[in-house]
J.: 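Sharing a structure here in structure tokens format.
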Amino acid sequence: MYKERDYDVIVIGAGHAGCEASLVSARLGLSTCLFTINLDTIGQMSCNPAIGGLAKGHLVREIDALGGEMAKVTDKAGIQFRLLNLSKGPAVWSLRAQADRVLYKIEMRKVIESQKNLDVKQALVDKIVTEDGKVKGIVTSLGIFYGAYAVIVTTGTFLKGLIHIGLENFSAGRAGEFPSIKLSECLQNLGLKMGRLKTGTPPRLDAKTIDFSKTETQFGDDPPPPFSHSTEKITNPQLPCYITYTNKETHKIILSNLDRSPLYSGKIKGTGARYCPSIEDKVVKFAERERHQVFLEPEGLETKEYYANGIPTSLPYDVQVKFVRTIPGLEKAEIMRPGYAIEYDFVYPSQLKHSLETKTIQGLFLAGQINGTSGYEEAAAQGLIAGINAALKIKGQEPYIPGRHEAYIGVLIDDLITKGTNEPYRMFTSRAEYRLLLRHDNADLRLMDKGYALGLIDEELYKKFKEKKELINEELNRIKNTRVKLDVYKTESLEQLLKRPENGYGVIEKLSPSGKSLSNEVKKQVEIQVKYEGYINQQMQMAERLKKIENKKIPENFDFTKVSGLSREVLMKLLEIRPGNLGQASRIPGITPAAISLLLIAIEKLRREQN
């Protein structure tokens, strides 16, 4: 075996998780190496050419507030931006952007290759080397050893990846790329329990063969709102998307060919995403629906390729052609790339700590789809946290673990570790108990102080953030203490006026404008905080109660078997997950309030004995 050199941190896989993990590790001053099977696919958008959406947009804003890269690159590559759910309350507003797939990849690679302390190597990693339960490095398929104190695995769909198109299947990490076989076997040999998941993509279509006049046009917002707190303006040309629908004829063709579907013939063993089902699944499980929506999304500014979002499929190519051509506007559509399903190995995430380090092997971190998640945003969020915690571990510092009341990232990681998953996990606003606190618009107010403290937010951006925070507080104070005359007999504070449902901040500007120049962002923040003050305070009180139970730590080597009164089922779950505090324990499925009480008594008794 040839030894090349040592690094502090090695990251395996250069998808969205791997990019964030390697960048943050390097930015925190650690020598880092990012390994990828193909240098040309760094930051590849393997599925749809879009970032954000409901709850996912929250994750992207949080990644940005903590010093991550996804939002900045999206702003450079975005070709349509839309703020979703504006007809509802601010808790569920969320930004979504269509991105130029090639431009996104180019911009991310530029950032990666120009980052100090970060090397990039094209190699297939076959083995993670450990000694006495600690990571020592990795070995590539060419037999080259690289030493490391921490290894972060972010392999996406590549672990024993198997692509299905009809009844044909072949090994691949994604279409046109090698899978990773030996690394999956290595992880199993290290004692990690693994399962099998499945995801899928729709066919890509040639725009020259689409009749857009038969579809509905969907434009983005004007001006386009950026994702990153540091982006002042979106400069790319903006493109529309188009909406069309399947119909009875489409469904008839799909149903008559289910015997040729790998999903329904038993060829696919992995569990698919419940919230992003294939068109076969939709037609079978929602038989009462006469049509399903199809979004035609541009893949970029310099290509005629369109992504047919809404009809992911693994049916044979000839069936894909037939059913696609029954859809209005697609009667003559040519398929540039067929849809396919891919099965891959994942690690059951209950085997991780909340830092995303494995419980059994020190220095081994996992992030992204390997932990059972779906989506670029969920992957990037985990990559960021894994990179931060790998660096903090090497520096001998405590891990950074955002709470459920602080960030959607905290909800995501806590759900994975305490609840586990046996299907691709997708983030929703409904998963967060405190979603009015975790809004899209206040990600910087929640997390940028932490990003700065970690050393991931630069001085210039942090100065602007502090100025913004100061302006918000000053304006909130001003409108609370400023009264205006409504008629001869009645005066009212500006705050009370703004609380009225029919009034927006514009009313304040007319009656008593601020003496300072306020950005639209500041005005909107003031309006939200005033209008929803009661609800926000209520959730903050709930979050404080949660913090109290989260602060009840469970000692690291606590012997759960000595807690009298626990059922065998509860005991087995506690031993498997080994929660770090009572809050985490309470969220494990099947753990009852009675079991938490018994735990609390046992922990307090142990503390008294030790004192």
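Any value given below was found using the heavy atoms of this structure, including those in side chains, with hydrogens, waters and symmetry copies removed.
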J.: Would you find a donor on one side and an acceptor on the other, under 3.5 Å apart, between the side chain of Arg578 and the backbone of Leu574?
T.: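 Checking the backbone N and O of Leu574 against the side chain of Arg578, no donor-acceptor pair under 3.5 Å is found.
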J.: Establish, from distance only, whether the side-chain atoms of Thr271 and Glu423 form a donor-acceptor pair under 3.5 Å.
T.: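 Per modelled atom types, Thr271 and Glu423 side chains form no pair under 3.5 Å.
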J.: Rounded to the nearest 0.5 Å, how far apart are OG of Ser184 and CZ of Phe158?
T.: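 These two atoms lie 13.5 Å from each other.
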J.: Under 6.0 Å from the ring centre and within 45 degrees of the ring axis: does the NZ or CZ of Arg431 meet both conditions for the six-membered ring of Tyr425?
T.: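 Yes; both conditions hold, so Arg431 lies above the ring face of Tyr425.
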J.: Any donor-acceptor pair under 3.5 Å linking the side chain of Asn442 with the backbone of Arg439?
T.: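 Yes.
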J.: Is a donor on one side and an acceptor on the other found under 3.5 Å between the side chain of Glu20 and the backbone of Met70?
T.: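 Here the side-chain-to-backbone pair exists.
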J.: Check for a donor-acceptor pair, side chain of Glu62 on one end and backbone N or O of Tyr408 on the other, with a separation under 3.5 Å.
T.: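 Judged by distance alone, yes, a pair lies under 3.5 Å.
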J.: A side-chain contact here means heavy atoms from C-beta on lying under 4.5 Å apart; do Asp281 and Ser278 qualify?
T.: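 Heavy-atom side-chain distance check passes, below 4.5 Å.
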J.: Between Arg404 and Asp415, is there a side-chain N and carboxylate O pair less than 4.0 Å apart?
T.: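 Salt bridge present between Arg404 and Asp415.
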J.: Would you call Asp40-Lys105 a salt bridge at under 4.0 Å N-O?
T.: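 Looking at Lys105 together with Asp40, the answer is no, because their closest N to O distance does not fall below 4.0 Å.
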J.: Should the ring pair His292 and His251 be called parallel, tilted or perpendicular, given that the plane angle runs from 0 to 90° and is split at 30 and 60?
T.: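 Tilted: the ring planes of His292 and His251 meet at 30° to 60°.
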J.: Test side chain to side chain contact (heavy atoms under 4.5 Å, CB included) on Leu352 and Leu416 and set out the steps.
T.: CA-CA 9 Å; Leu352 306 176; Leu416 289 174; over 6 Å; no
J.: If we ignore hydrogens and angles and just use 3.5 Å, is the side chain of His58 paired with the main-chain N or O of Val92 as donor and acceptor?
T.: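 Between the backbone of Val92 and the side chain of His58 there is no qualifying donor-acceptor contact (under 3.5 Å).
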J.: May I ask you to check whether Glu280 and Thr313 show a side-chain donor-acceptor distance below 3.5 Å?
T.: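 On atom types as modelled, these side chains qualify, holding a pair under 3.5 Å.
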J.: In Å, rounded to the nearest 0.5 Å, how long is the span from CD1 of Ile370 to CD1 of Ile12?
T.: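 That separation rounds to 8.5 Å.
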J.: Could you grab the distance from atom OH of Tyr376 to atom OG1 of Thr74, nearest 0.5 Å is fine?
T.: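 Here the interatomic distance stands at 11.0 Å.
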J.: Run the side-chain donor-acceptor check on residues 222-229: report pairs under 3.5 Å with partners two or more places apart or on a different chain.
T.:
unit_1, atom_1, unit_2, atom_2, d
Ser228, OG, Asp64, OD1, 2.9
Ser228, OG, Asp64, OD2, 3.3
Ser228, OG, Ser230, N, 3.1
Ser228, OG, Ser230, OG, 2.8
His229, ND1, Asp64, OD2, 2.7

J.: Output, in order, the C-alpha distance, side-chain angles, deciding distance and verdict of side-chain hydrogen bond (donor to acceptor under 3.5 Å, both in side chains) for Gln525 and Gln529.
T.: CA-CA 6 Å; Gln525 194 57 232; Gln529 289 195 31; 3.2 Å; yes
J.: Could you please spell out the steps behind the side-chain hydrogen bond (donor to acceptor under 3.5 Å, both in side chains) verdict for Arg174 and Ser46?
T.: CA-CA 7 Å; Arg174 57 189 163 217; Ser46 314; 2.8 Å; yes
J.: Return the set of residues passing ring pair (Phe, Tyr, Trp, His ring centres under 6.0 Å) with Tyr242 (not counting sequence neighbours), or none when no residue passes.
T.: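 Ring pair (Phe, Tyr, Trp, His ring centres under 6.0 Å) list for Tyr242, sorted by chain: Phe212.
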J.: Whether Arg446 and Glu406 form a salt bridge (side-chain N of Lys/Arg under 4.0 Å from carboxylate O of Asp/Glu) is what I want to check.
T.: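 No, Glu406 and Arg446 are not salt-bridged.
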J.: Looking at every non-hydrogen atom in both residues, tell me the closest pair between Ala99 and Tyr104 and how far apart they are.
T.: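 Heavy atoms of Ala99 and Tyr104 come nearest at CB-CD1, 4.5 Å.
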J.: Using modelled atom types only, decide if a donor and an acceptor are shared between the side chain of Glu107 and the backbone of Val73 within a distance under 3.5 Å.
T.: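 Looks like no, no N/O pair under 3.5 Å.
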J.: Could you tell me whether Lys304 and Glu299 have a side-chain N and a carboxylate O separated by less than 4.0 Å?
T.: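 Looking at Glu299 together with Lys304, the answer is no, because their closest N to O distance does not fall below 4.0 Å.
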J.: If the threshold is 4.0 Å, N to carboxylate O, is there a salt bridge linking Arg96 and Glu297?
T.: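 Looking at Arg96 and Glu297, the cut-off is met.
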J.: Mark yes when over 12 heavy atoms from residues, nucleotides or ligands other than Met572 sit less than 6.0 Å from its CE; otherwise mark no.
T.: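 Atom CE in Met572 is not crowded, with 12 or fewer foreign heavy atoms closer than 6.0 Å.
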J.: Return yes if a side-chain donor-acceptor contact under 3.5 Å exists between Gln382 and Thr373, otherwise no.
T.: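 Note: Gln382 and Thr373 side chains meet the donor-acceptor criterion.
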J.: Establish, yes or no, whether the cationic atom of Arg204 lies under 6.0 Å from the six-membered ring centre of Tyr307 and within 45° of the ring axis.
T.: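 Cation-pi check for Arg204 and Tyr307: fails.
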J.: Side-chain donor-acceptor pair under 3.5 Å between Thr209 and Asp206, yes or no?
T.: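 Not at all, the side chains of Thr209 and Asp206 share no donor-acceptor pair under 3.5 Å.
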J.: With the threshold set at 4.0 Å, does a side-chain nitrogen-carboxylate oxygen contact exist between Glu334 and Arg325?
T.: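 A salt bridge links Glu334 with Arg325.
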